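What follows is a single structure, written as structure tokens, with notes after it.
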There are 2 protein chains.
Amino acid sequence: MDGKVINLKSKMEIYKAISDGGNIANCPVRDVIQGFSGKWRSLLMMALAEQPYRFGELRRLVPDISQRMLTQTLHDLQRDGYVHREVFPTKPPGVEYSLTDLGRSMFGAFHQLILWAELNHDAVREARAAFDAAQ
Amino acid sequence: MDGKVINLKSKMEIYKAISDGGNIANCPVRDVIQGFSGKWRSLLMMALAEQPYRFGELRRLVPDISQRMLTQTLHDLQRDGYVHREVFPTKPPGVEYSLTDLGRSMFGAFHQLILWAELNHDAVREARAAFDAAQ
DNA sequence: TAGTGCTGGTCTCTTTTTGAGACCGACAAA
DNA sequence: TTTGTCGGTCTCAAAAAGAGACCAGCACTA
């Protein structure tokens, strides 16, 4: 197996998957996956996958998120169609956030990664410790 | 199903999963998943999942990554045990990056998300367009 | 009646992260 | 002798994220 022969073909394939002609919006991976990239999005998706929560509840659930980032991240998730925002005209008014069907569908795939993380947490930590020791 | 009864239990579960006593390093999700959060890590993992690449090849493959971020992201992936870095003492010296077993294992789970992204790219784009139009 | 608290935010300021691009040494080819 | 390749590092500007003050409207309390 030389590897050189399939080199060009693979490069073209991965280039299509990654760049798609230089237009990022046309690339599913970059356009959608990078939506998960934010520091807080995955955590909020996990929380909302369990049940709907209100703004203040989420804030207490993720203690080290700033109010500003919570607002903004929920707004982004809503814009991408993963989260539904509903205002209840109580006094004081309450706002409930819940997953949409699209959000639940996405979380199904994302869940695989969560399971992997739980299973392999130790392996990653060991790799880090070994790497740092080698420095 | 009232939902109120399991409220407390769920809160405790999600709190354990997210915060784990306030120590982020003990929480698999935050410790491992946030490793995928970076803007470039998923792209480089995708590239390296196809075949090993050298530094310059990766730079050409992902045209809009800066050299600095490529260096740093590869370093981080190596530290977490996903990527192996091998130096060939040629002239000029070449450096090849490849996935480790741990990296391939992680990519298996991550792959689900890639497939989802390809399938649902249009739905996300439509959600965004609808949201922006409603503003 | 004045004070306090809860709601879901916005606004400003500082710190951290990222991006753009110059620079590096060793060697090869022109 | 200039130019190019290799895999980076270094510096500085721009963007993103974090900390925390502030807001209106209402309920309860002293």
Side-chain angles (χ1 to χ4, degrees), chain A residues 4 7 11 18-19 22 24 30 33-45 47-48 52-80 83-98 131 134-135, chain B residues 7 11 18-19 22 24 30 33-44 47-48 52-80 83-98 131 134-135:
Chain A
K4 282 288 181 186
N7 203 341
K11 274 188 187 172
I18 287 177
S19 300
I24 291 172
R30 300 187 70 153
I33 297 280
Q34 291 197 351
F36 315 149
S37 301
K39 186 174 177 183
W40 304 109
R41 295 177 70 130
S42 52
L43 287 174
L44 293 180
M45 287 297 293
L48 294 177
Y53 280 110
R54 292 176 48 184
F55 188 88
E57 290 177 316
L58 288 170
R59 199 153 70 89
R60 285 185 289 274
L61 215 50
V62 188
D64 52 344
I65 192 173
S66 69
Q67 211 161 357
R68 182 181 161 283
M69 286 312 293
L70 181 55
T71 303
Q72 186 177 311
T73 307
L74 286 170
H75 178 271
D76 292 347
L77 288 173
Q78 188 194 355
R79 177 170 182 265
D80 281 3
V83 161
H84 172 70
R85 177 179 186 271
E86 189 159 8
V87 181
F88 295 101
T90 56
K91 285 163 188 177
V95 180
E96 188 181 82
Y97 293 90
S98 56
F131 183 87
Q135 303 304 83
Chain B
N7 203 342
K11 273 188 188 173
I18 287 178
S19 299
I24 291 173
R30 299 187 72 152
I33 297 278
Q34 290 197 352
F36 315 149
S37 301
K39 185 175 176 182
W40 303 110
R41 295 177 71 129
S42 51
L43 287 173
L44 294 180
L48 295 176
Y53 280 110
R54 292 177 45 185
F55 188 88
E57 290 177 316
L58 288 171
R59 199 153 68 90
R60 285 185 290 273
L61 215 51
V62 187
D64 53 343
I65 193 174
S66 68
Q67 211 162 358
R68 181 182 162 282
M69 285 313 291
L70 181 54
T71 304
Q72 185 177 311
T73 307
L74 286 171
H75 178 273
D76 292 346
L77 288 173
Q78 188 194 355
R79 177 170 182 267
D80 281 3
V83 161
H84 172 70
R85 177 179 187 270
E86 188 158 11
V87 181
F88 296 100
T90 56
K91 286 165 185 174
V95 180
E96 190 182 81
Y97 294 90
S98 56
F131 184 86
Q135 302 306 81

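Labels below follow one simple rule: chain letters A, B, ... track the order of the sequence lines, proteins then strands, and each chain is numbered from 1. The shown structure was predicted, so the numbers you read here are calculated from the model rather than taken from an experiment.
Distance A:Glu57 CD to C:dC6 C1': 13 Å, rounded to the nearest Å. For the pair A:Gln67 CD and C:dG9 C1', the computed distance is 6 Å after rounding to whole Å. Distance CH2 (A:Trp40) to P (D:dA19): 8 Å, rounded to an integer number of Å. Spacing between atom NE2 of A:His75 and atom P of D:dA17 amounts to 14 Å, rounded to whole angstrom units. Put simply, CZ on A:Arg54 is 13 Å from P on C:dC6, counting in whole angstrom units. Atoms CG (B:Leu74) and P (C:dT18) sit 14 Å apart, rounded to a whole Å. When rounded to the nearest whole Å, the span between CE of A:Met69 and C1' of C:dG9 equals 15 Å. The CD-C1' distance, from A:Gln78 to C:dG8, rounds to 14 Å in whole Å.
Nucleic acid contact for B:Tyr97: sugar-phosphate only, since backbone atoms but no base atoms lie under 4.0 Å from a heavy atom of the residue. Among the atoms of the strands shown, only primed sugar atoms or phosphate atoms (P, OP1, OP2) are found under 4.0 Å from some heavy atom of A:Gln72.
Pairing each heavy atom of B:Trp40 with each of B:Thr73, the nearest pair is CB-OG1, 4.0 Å.
Map A:Ser66 and A:Pro92 each onto its nearest nucleotide of DNA chain D; the residue landing nearer the 5' end is A:Ser66. With DNA chain D read from its 5' end, the first of the two nearest nucleotides for A:Gly38 and B:Glu96 is the one closest to B:Glu96. Each of A:Gly94 and A:Arg68 has a nearest nucleotide on DNA chain C; the 5'-most of these lies closest to A:Gly94.
Set against C:dG9, D:dG8, C:dG19, the side chain of B:Lys39 has C:dG19 as its closest nucleotide. Which of D:dG7, D:dT9, C:dG19 sits closest to the side chain of B:Thr71 comes down to D:dT9.
Here the straight-line distance linking atom CD of A:Glu96 with atom CZ of A:Phe55 works out to 14.5 Å at 0.5 Å rounding.
By the 4.5 Å heavy-atom criterion applied to side chains, A:Gln78 and A:Asp80 are not counted as neighbours.
Distances shown here put a side-chain N or O of A:Arg85 below 4.0 Å from the OP1 or OP2 atom of C:dG9.
Two rings, from B:Phe131 and A:His75, have their centers less than 6.0 Å apart.
Under 4.0 Å is where a charged nitrogen must lie from a carboxylate oxygen, and between B:Asp64 and B:Arg59 no such pair does.
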